[in-house]
Student: 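Sharing a structure, written as structure tokens. Questions coming.
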Amino acid sequence: MNWANIWLKLFGTTQWLGIDMGFWVSMSLCALIVIVMNVVFWGIKPKRDDDNTSGDK
């Protein structure tokens, strides 16, 4: 599979803003991974320490 030929047939160009589409695809993939990681980690509830082992009474 030649992704450049597929992209050329779909959109008529292999560049955007003078930069190859491979760069933009990889940049989009990295941004998507960062967004998913933020959603997952910000959605995790913190672990509660109910037995009060910190010494505060």
Side-chain angles (χ1 to χ4, degrees):
M1 272 174 100
N2 190 346
W3 291 105
N5 285 340
I6 294 171
W7 199 265
L8 187 62
K9 287 185 183 201
L10 288 174
F11 300 108
T13 186
T14 58
Q15 292 186 355
W16 186 56
L17 297 177
I19 301 175
D20 188 52
M21 281 300 169
F23 170 80
W24 294 113
V25 170
S26 61
M27 185 66 75
S28 303
L29 183 64
C30 289
L32 181 66
I33 290 170
V34 168
I35 290 169
V36 169
M37 287 174 64
N38 274 295
V39 167
V40 168
F41 291 130
W42 278 99
I44 295 174
K45 296 210 186 276
K47 183 179 175 183
R48 278 190 63 139
D49 191 17
D50 288 334
D51 59 356
N52 201 2
T53 59
S54 63
D56 299 330
K57 295 194 179 196

Student: For Met27, enumerate each residue passing the side-chain contact (heavy atoms from CB on, under 4.5 Å) test, keeping only those at least two apart in sequence or located in another chain.
Tutor: Phe23

Student: Assigning hydrophobic clusters by single linkage (Ile, Leu, Val, Met, Phe, Trp, Tyr; side-chain heavy-atom cutoff under 4.5 Å), is Met37 placed with Ile44?
Tutor: yes

Student: Can you name the side-chain contact (heavy atoms from CB on, under 4.5 Å) partners of Asn38, sequence neighbours left out?
Tutor: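 So Asn38 forms a side-chain contact (heavy atoms from CB on, under 4.5 Å) with Val34, Trp42.
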
Student: If hydrophobic clusters are built from ILVMFWY residues whose side chains come within less than 4.5 Å, do Ile35 and Phe41 share one?
Tutor: no

Student: Hydrophobic clusters here meaning ILVMFWY residues chained together by side-chain heavy-atom distances under 4.5 Å, can you tell me if Val36 and Val39 are in one?
Tutor: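 Different clusters: Val36 never reaches Val39 through Ile, Leu, Val, Met, Phe, Trp or Tyr contacts under 4.5 Å.
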
Student: Mind listing the closest non-hydrogen atom pair of Thr13 and Leu8 along with its distance?
Tutor: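 It is N-CD1, 3.7 Å.
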
Student: With sequence neighbours left out, write down each residue that passes side-chain contact (heavy atoms from CB on, under 4.5 Å) with Leu10, or none if nothing qualifies.
Tutor: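 side-chain contact (heavy atoms from CB on, under 4.5 Å) check on Leu10 returns Ile6.
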
Student: State plainly whether one hydrophobic cluster holds both Met21 and Leu29, where clusters connect Ile, Leu, Val, Met, Phe, Trp and Tyr through side-chain heavy atoms under 4.5 angstrom apart.
Tutor: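 Unlinked, Met21 and Leu29 end up in two clusters.
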
